[in-house]
Amino acid sequence: MRGDPDSRAVRVRFAPSPTGFLHVGGARTALFNWLFARHHGGAFILRIEDTDLTRSTEQSVQTILDGLAWLEITWDEGPFFQSREVEAHRAVAKRLVAEGKAYPCFCSPEDLDRKRQAAETDGAAWKYDRTCLRLDSAEVMDRLTVGVPAAIRFKVPEGPIAWDDLVHGPTTFDSAVIEDIVLLRSDGSPTYNLSCVHDDIGMRITHVIRGDDHISNTPKQVLLYRAAGVEPPRFGHLPLILGPDKKRLSKRHGAVSVTEYRDRGILPETLFNFLTLLGWSPGDGREKMTRAEITAAFTLEAINRKGAVFDEQKLEWLNSQYINDLDPTRLADLVRDGLKTAGLWSADLDTPGGRHDWYLRVLGTLKARSKVIGDFARDLRPFLSDEFDYAPDAVEKHLAGAKGGGPAAVARRMRDLRGALAQVGEFTEPATEEALRRLAESKGEAAATYIHPLRVALVGRAVSPGIFAILTLIGLDRTIARLDRLAGFLEAMPAVQG
RNA sequence: GUCCCCAUCGUCUAGCCUGGCCUAGGACACCGCCCUUUCAAGGCGGUAACACGGGUUCAAAUCCCGUUGGGGACGCCA
């Protein structure tokens, strides 16, 4: 009931201020609006709230647009720029003054700051003291004609303010705790609450869905709707996204911008799905869902009232699931840039007939254990280049360790293995596996004592996909070369170790 | 400080509106076992929560009140 849209077609908006990047919190707000619109076949409108000219930048607008596009949160109308409506906003403020619902305020920001600070040291709550409301009209005229800078304040009427929140249910404020809202700054520029209400009316917004941090703005806006003689839209306040310390997610928690997650190798479908699960669930236990499934299941009444901690580990888990589902061609597209910066890229990886098919097979074996796209540049190195280091933990565990009998014993096994592998007719997984196992058996040793050092020789690490898959992907010649390189390394080891 | 919001495993949540099916279900993480070739992946299993106190009721995680705790807002920012 709470969330059911009435007979009017649903019209919602996302209204970011372009003063930085697209924050995941903002993205989630956009997402829920988008989902609500799509679920009800309504319109999703994008409005850029750039009324703070000193902080708004064109670059930030672009970043926000890019972030939304990347997440495929598409808008039906806009982007509209709030700054274009400035004249209309001023007219509204002037009309309110004429109607006696607002008044000029000559208090300087410095004066107000001083009073605020004084109140704070007294431990008292600060609220504008209406100094300028008490001015007689002659005094006001005098100051205005002399050109004393004046802001316009809305005269907050007495009485309770209530609305039925789409998420929280009935919510009430006493107007006694609300100070007279500044509508126009002394330089004549409109402020947030005025602009927001005016534009929402103009755009015929039916549901305002935004973060919990806006709850205290809502009574002010309800007042402005009343003053305009317009029925307010429905309001729904989303719980905040929190950091691990349960405080509002912010930069000090690490990555918070959509772009950072993209650059780190989180897939857009992952972030979309994950953000959706922060404060909402379909109620039937499903977690990994397509956007169509999410859209179909989405309702506002299923939204939680409690803030949700952004769990990076779960995000990466979800991402690993999505990576595993990726088709090889798209995966190759996603990995390409990372390979280029790592200097591992060559055109024949993309050329059918070149190493393309082989490359796709390599990607296929690696993807099951990858959490982020960035993992691939690291894991692909031993396949695309002969230049890679032996990881210290792998050296210690499988080359130097007493378990393998020390470097000399390892060297002997690898020498034998080199010979055995060279004898293999067809260099396939079963054939190489059989050769290795037969060798180990003939020596009365565990296959693992051959496999581990071999892995270090081939990829330089203690972890990898199945060793025989790697072996065949790397091929006989390069395997031999790598075993030789390992032999040299082992020989030098005692000296290196001191 | 004032106002507002919130309260189920460490985390995301199901259940709450319409009390009984809840000795509270799922997922991430963690631990163990299996598979095995190490880690991972996969399979199986385990540890782990109704903040507290009153009340209503035959019966409360679910309804009411209070306490405590947490968060947010208190701008001529949006």
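Bear in mind the structure is a predicted one, so any value in this text is a computation, not a measurement. Chain naming here is simple, since letters A, B, ... match the order of the sequence lines and numbering starts at 1 in each.
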A.B. asks: Starting at atom CG of Asp180(A), determine the distance to atom C1' of G75(B), rounded to an integer number of angstrom.
C.D. replies: 15 Å

A.B. asks: Taking only side-chain nitrogens and oxygens of Arg305(A), does any of them come within less than 4.0 Å of OP1 or OP2 of U8(B)?
C.D. replies: no

A.B. asks: Please determine whether a side-chain nitrogen of the Lys or Arg among Glu87(A) and Arg90(A) lies less than 4.0 Å from a carboxylate oxygen of the Asp or Glu.
C.D. replies: yes

A.B. asks: How long is the line joining CG of Leu471(A) and C1' of U37(B), in whole Å?
C.D. replies: 13 Å

A.B. asks: Could you tell me how far apart Asp284(A) (CG) and A27(B) (P) are, to the nearest whole angstrom?
C.D. replies: 13 Å

A.B. asks: Does Arg381(A) make a cation-pi contact with Phe388(A), if we ask for NZ or CZ under 6.0 Å from the ring centre and within 45° of the axis?
C.D. replies: no

A.B. asks: Looking at Asp213(A) and Arg248(A), does any basic side-chain N land under 4.0 Å from a carboxylate oxygen?
C.D. replies: yes

A.B. asks: Measure distances between side-chain N and O atoms of Lys314(A) and base N and O atoms of A27(B), and say whether any donor-acceptor pair falls under 3.5 Å.
C.D. replies: yes

A.B. asks: Once you round it to whole Å, what is the distance between C1' of G75(B) and CG of Asp213(A)?
C.D. replies: 15 Å

A.B. asks: Does a salt bridge link Lys371(A) with Glu312(A), judged by any charged N lying under 4.0 Å from a carboxylate O?
C.D. replies: no

A.B. asks: According to a strict under-4.0 Å criterion, is Ser17(A) in side-chain N/O contact with OP1 or OP2 of C77(B)?
C.D. replies: no

A.B. asks: Consider the side chain of Asn217(A), meaning its heavy atoms from C-beta on, and name the nucleotide among C76(B), A78(B), U11(B) that approaches it most closely.
C.D. replies: A78(B)

A.B. asks: Indicate whether His214(A) forms a stack on A73(B); treat it as stacked only if centroid distance is below 5.5 angstrom and interplanar angle below 30 degrees.
C.D. replies: no

A.B. asks: Record whether the side chain of Arg369(A) comes under 3.5 Å of the base of A41(B) through a donor-acceptor pair of N or O atoms.
C.D. replies: no

A.B. asks: Does Arg116(A) put a side-chain nitrogen or oxygen below 4.0 Å from OP1 or OP2 of G75(B)?
C.D. replies: yes

A.B. asks: For Arg461(A) and A40(B), what is the distance between atoms CZ and P respectively, to the nearest whole Å?
C.D. replies: 13 Å

A.B. asks: Nearest whole Å is fine: how far is C17(B) C1' from Glu301(A) CD?
C.D. replies: 11 Å

A.B. asks: Checking only heavy atoms, does the side chain of Ser216(A) share a donor-acceptor pair with the base of C3(B) at less than 3.5 Å?
C.D. replies: no

A.B. asks: Nearest to the side chain of Gln313(A), which nucleotide is it out of C28(B), U37(B), C76(B)?
C.D. replies: C28(B)

A.B. asks: With respect to the side chain of Asp311(A), which nucleotide from A78(B), G71(B), U11(B) is positioned closest?
C.D. replies: U11(B)

A.B. asks: A41(B) base to Asn324(A) side chain: any donor-acceptor pair below 3.5 Å?
C.D. replies: no

